[in-house]
Number of protein chains: 2
Amino acid sequence: MTYSEENYIKVIYHLSLVSPKGINTNAIAGMIESKASSVTDMLKKLADKELVNYQKYQGVTLTQKGLHAAKMIVRKHRLWEVFLVEKLDFTWDEVHDLAEELEHIKSEKLINRLDEYLGFPKEDPHGDPIPDRYGQLVKVDKQLLSEILPSKKVICLGVKDSSPSFLKYLDKHQIALGSEIEVVNKESFDHSLSILINNRQILISNKIASNLYVKLI
Amino acid sequence: MTYSEENYIKVIYHLSLVSPKGINTNAIAGMIESKASSVTDMLKKLADKELVNYQKYQGVTLTQKGLHAAKMIVRKHRLWEVFLVEKLDFTWDEVHDLAEELEHIKSEKLINRLDEYLGFPKEDPHGDPIPDRYGQLVKVDKQLLSEILPSKKVICLGVKDSSPSFLKYLDKHQIALGSEIEVVNKESFDHSLSILINNRQILISNKIASNLYVKLI
DNA sequence: AATAATTTTTAGTTTTGTCTAAATTTATTT
DNA sequence: AAATAAATTTAGACAAAACTAAAAATTATT
């Protein structure tokens with residue numbers, strides 16, 4: 001698989017997780033920052049290689065082969081992210097672009113050794129699950145903080161939006177993976193929340209709360 | 001710089017170390033496994049970018065800019081090799097091809113962090129020097145084992161040929177970087193050597209001896 | 001010094017992945 | 001159900017990096 005083919009497969013995989021039906025040409029073009037016509041060309045090529053099921057005008061889905069390939073790319077991406085944060089002291093908002101490059105290094109042996117070296121982590125620095133060498137994923141049941149009722153206590157598990165600006169916001173307010181949060185109050189007008197974290201009470205908007213994954217404790 | 005441009009610059013750099021005059025089109029084609037016409041095309045492009053000094057039929061040399069770029073690629077290559085061997089337990093004959101890919105990852109910050117993480121190594125697993133972040137190289141004065149006189153003792157510093165087959169030969173005979181070797185006898189007919197290593201006396205051919213760098217102790 | 005051999009360059013193609021613009025199909029709205 | 005809008009595909013073109021074959025320049029040989 002070429003660099004470009006891998007990027008398409010990965011994007012189709014990510015879109016499939018959100019909407020499990022056929023994926024639109026335009027949706028892919030949006031994610032990959034290319035034009036719909038370029039996407040059509042690539043989909044034909046991927047279909048020839050039996051990585052996707054493609055029928056004109058009907059969108060695409062990944063084949064078994066394509067799904068496995070996608071998981072292996074995601075595995076590499078997330079393991080490299082763990083490496084960068086744990087071993088090289090990068091922050092969680094810096095690692096994505098670097099991992100986008102590193103995920104294309106072609107060596108199963110390398111990635112399995114890296115996995116072992118890192119102690120077989122189950123999640124990346126943003127709380128996203130890391131597929132094992134067979135593509136198996138541990139599904140953690142998680143909710144959005146915005147769905148939690150007042151007086152409940154939760155643990156922070158991950159982020160839905162992993163843009164640097166959001167991650168920097170979280171750092172600034174000392175919200176990290178594993179942080180304990182208590183929902184003190186919910187404002188019915190704008191759905192903002194008062195939360196207790198590290199013994200400090202802060203106010204966060206609904207937009208923040210609906211991008212933070214948590215689980216009840 | 002593209003992946004391909006980086007490979008050309010690197011090859012020109014390596015050839016420059018052996019013959020410091022202008023580098024032939026054909027020599028480059030040989031190393032890069034391409035055709036002379038492809039090389040000519042690329043040399044023009046590199047000259048436009050002021051990475052090489054190129055005049056038709058006269059061969060090329062690296063400009064200051066090109067030399068620095070080449071050293072940074074070599075730096076990445078060798079640091080990744082150290083990482084693979086020291087941290088992920090790869091053997092010294094396995095790492096070259098992987099490092100060929102990893103050397104193209106574009107991030108100064110990453111490579112400087114990796115350098116620090118590895119303890120600022122001065123040499124890669126084959127004994128080749130690693131340029132520092134400014135391109136500075138520590139020159140170790142080394143000789144070929146084939147040039148050493150009988151009864152002299154030396155330390156193994158590196159290899160000239162780093163092909164997997166040669167490295168595997170060395171492993172089999174327990175010759176590693178840092179090994180102490182005593183030249184017992186030299187056969188004048190075929191220039192083979194009797195050497196003492198790890199308290200065992202073995203016979204090695206001139207071809208082996210003239211691919212091993214050592215220094216007197 | 002003239003000719004032969006070698007090396008290098010030029011000219012013209014090919015492949016991969018992209019694009020624009022036009023045509024076609026599907027979806028939406030009146 | 002027809003008309004309009006939106007999404008998708010086709011057709012044709014382009015840039016990067018490679019190639020083949022032929023031409024030009026350099027080097028070696030007689």
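We name chains A, B, ... by the order of the sequence lines, and we start the count at 1 in each one. Just so it is clear, the values below take in all heavy atoms, side chains as well, and ignore hydrogens, waters and symmetry mates.
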- Message: If you compare every side-chain N and O of B:K56 against the phosphate oxygens of D:dT26 (OP1, OP2), does one of them come in below 4.0 Å?
- Response: no
- Task: Would you confirm whether A:D124, through its side chain, and A:H126, through its main-chain N or O, come within 3.5 Å as a donor-acceptor pair?
- Result: yes
- At under 4.0 Å between heavy atoms, which parts of nucleotides 1-6 of chain C does protein reach? Answer with one letter per nucleotide, 5' to 3': B base, S sugar-phosphate only, - none. ------
With a 3.5 Å cut-off and sequence neighbours excluded, list the donor-acceptor pairs that the side chains of residues 131-146 of chain B form with protein atoms.
residue	atom	partner	partner atom	Å
B:D132	OD1	B:Y134	N	2.7
B:D132	OD1	B:G135	N	3.1
B:D132	OD1	B:Q136	N	2.9

Find every protein N or O atom lying less than 3.5 Å from an N or O atom of nucleotides 13-16 of chain C, and list the pairs.
none

- Note on the structure: Across all chains, not counting sequence neighbours, the salt bridge (Lys or Arg N to Asp or Glu O under 4.0 Å) partners of A:K65 are none
- Note on the structure: Sorted by chain and residue number, the side-chain hydrogen bond (donor to acceptor under 3.5 Å, both in side chains) partners of A:D161 (sequence neighbours excluded) come out as A:S163
- Message: Using the salt bridge (Lys or Arg N to Asp or Glu O under 4.0 Å) criterion, which residues pair with B:K106? Sequence neighbours excluded.
- Response: B:E6
- Test side chain to side chain contact (heavy atoms under 4.5 Å, CB included) applied to B:H173 - qualifying residues, sequence neighbours left out: B:Y169, B:I175, B:I202
Grab the N/O contacts between the protein and nucleotides 20-24 of chain C below 3.5 Å, and write none if there aren't any.
residue	atom	partner	partner atom	Å
C:dT20	OP2	A:K35	NZ	3.2
C:dT20	O4	A:S37	OG	3.0

Side-chain donor-acceptor pairs under 3.5 Å in residues 29-37 of chain A, sequence neighbours left out?
none

Quick one: side chains of residues 47-54 of chain B, donor-acceptor pairs under 3.5 Å with protein atoms, not counting sequence neighbours, listed by atom name and distance.
residue	atom	partner	partner atom	Å
B:K49	NZ	B:E5	OE1	3.0
B:K49	NZ	B:E5	OE2	3.0
B:N53	OD1	B:T61	OG1	3.1

- Query: Quick one: side chain to side chain contact (heavy atoms under 4.5 Å, CB included) partners of A:P164, sequence neighbours excluded?
  - Reply: A:D93
- Query: Taking only residues two or more places apart in sequence or in another chain, which ones pass side chain to side chain contact (heavy atoms under 4.5 Å, CB included) with B:E103?
  - Reply: B:N7, B:K10, B:I73, B:K76, B:H77, B:E100
